[in-house]
Amino acid sequence: MVSALSEVSKSESWSGAQPNVRLIRHYTQLGVLDRPERRGKEAYYGYRQIVQYLAARWLLKDGWMLIKIAEVTTTRSTPELLALLPGTPNNAAQELIQRFRTARPPDPIAARQTQVLEQRARLQQVLPSLGNTGGVVQRRERVQLDLTDWCQVLIDTDHLQTISPEEATRLGDALAAAITEASRSPHRKNAAKRRARLSKKGKKK
Amino acid sequence: MNPDLILLPRRSALLAGHRNTLDVLVRIQAPAAPDRDHVRPSLNLAIVIDRSGSMRGKPLQEALRCAGFMIDGLGPNDRASIIVYDNTVEVLVPSTLVVDRQIFHRALRQVRGGGSTALHDGWLAGAEQVSAHLSPSTISRVLLLSDGQANKGLTDSAAIAQQCAALAEAGVSTSTYGLGRSFNEDLMGEMARLGGGNSYYGQSAEDLMDPFREEFDLLSAMYARQVSLSLTPAAGVTLEVLNGYRRVGGAWRLPDLAFEGEAWALARLMIPAEIGDRPESPVLLLASASMIDMDGEPIETNTARLILPSLPAPAFGAVTEDELVRRRAQELEAARYQEQARQAALNGQWDRVQALIIEARSKSADNEWIHESLKVLEGYARTRRTRAFSKEAYYSSRKMRSRLTSQLEQSWSDQEDEPTFLRRKREQGRTQ
């Protein structure tokens, strides 16, 4: 860190006296700098501590007491500390970078929630015009019983769990009556005629 | 000395009485070589290295060696910073003048691998370091190296590339280095294309140094950047630039120009019959280019005019095609075939890949560079190596579309004396 700071001090004259190990230790003890990472006997200072040091030197030059400086350097984020430092005035590139940093990627859960709420609002508007005065889509699960390839029976799933044998028999009677009735309807006769016509055409060919 | 702009038509005449389609090579030429007192422009670089788990071992060692190589090429007038990223980003050396290289080398020696790939955060941290020291007379660039997919933070490729474009306009360009088989070439390529830098890749750690050397040579020989080409066709003439350069404010943005180099575009003109039949030959195309020199000053080329006579069929038949224009058109066509073959390979349509390679070869039988490049692709296709095929096809087509060329281009097999950044490689991802 000392060598990195020496380099910065050469190019940034305002940062004052050449840093040395004693000064860095002193600042660390006063809480101006975050404590370094320890690896065995060695202490590693990183980018944040370099920025803290530079901010401290700048504030010191401005007449601040070290104890007050420590409150600033330890409570503010690194970009906030950087903003304290003099240097190249904020340029277009720096403004863009700040904007990119603050524009976080969209939260997929929040986006999904918004989508669901929007869809619900749309349904509440449209359904009454289709005769659903409640404006709510009722969801019902059905079990489909394929009696043959051409005949299926749909039964409410919940009701199927509780249906009694007597009820099933009555349903069978009702089903038989309904089928007999439907087979005599005009729709049924028209369908029979269509089938006959198609059959004749097939024979001519 | 200002750069020259030359217009070179594929044929130097129009066929009278007919609608003509004419390819015109637009050549923007930098001065031949810097004089002896030429001082390389100052560089302001951020070297951003992926240290995610997949980089552990040789790839990371080699990446760090390449970073060390770049640092060794810099001097006290240059600035550099070193950033490493995995889940998090760490600025190892903040932007500083390269007075003592040992600061950088010591920092590089500390790097260890681990974690996932917060590529966008790493790039942004590099851009932040560079942006604090922008100067018109300095090349400010982020060099981003990764072997993986962006999987943490912002991962949307289009959004990241758009940010690169915005920063390039604000003075911070981006070059990218993909390593291995797993990186996202679409993302890395677009970041560099829109970011105003160069994109490279290495198949293995051993192949990384070559592109770093190429970029360093290019930066050292830089003559001008932000090269904008303006083309104005005659009324009624329609125009298409075949290279796929992006448009910025009505002009086409060409690659940065180095000494001895030539940035080029191939414009296809569709000329209606009535224009060719006028008694006086009209100006078919006006072309000029502007750019920023290394002192940050704007410079302009001459304005070139294309005027061609209209000839009757027998005389027109005797006009031969220009060899250079024909070759560049071939290369652009080969680039299109390579892009199509890449898509087919990604869809697993290997028969189509083979058919496209054969067709591309038949259309450029006399172009040794294309021929050799197709041979490489054919090898990957034969062994069904989708990722290797995709990456090589991507970078090869990009190179053929938008490379900086030599002004006096030698044959493919005779280019040893040319600067590294002007050479045509047989295989983009391999050291040659």
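A, B, ... follow the sequence lines: proteins, then strands. Residue 1 opens every chain.
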Looking only at side-chain N and O atoms, does B/W123 offer a donor or acceptor that is under 3.5 Å from a partner on B/T174?
yes

Give, as side chain, backbone, both or neither, the part of B/V91 having an atom under 4.5 angstrom from any heavy atom of chain A.
both

Select one option (side chain, backbone, both, neither) describing which atoms of B/Q162 are under 4.5 Å from chain A's heavy atoms.
neither

Answer with yes or no whether the side chains of A/Q49 and A/Y44 bring together a donor and an acceptor at under 3.5 Å.
no

Can you classify the ring geometry of A/Y53 versus A/Y27 as parallel (below 30°), tilted (30 to 60°) or perpendicular (above 60°)?
tilted

Which portion of B/Q110 sits near chain A, non-hydrogen atoms under 4.5 angstrom
side chain

Using 4.0 Å as the upper bound for N to carboxylate O, is an ion pair formed by B/K152 and B/D121?
no

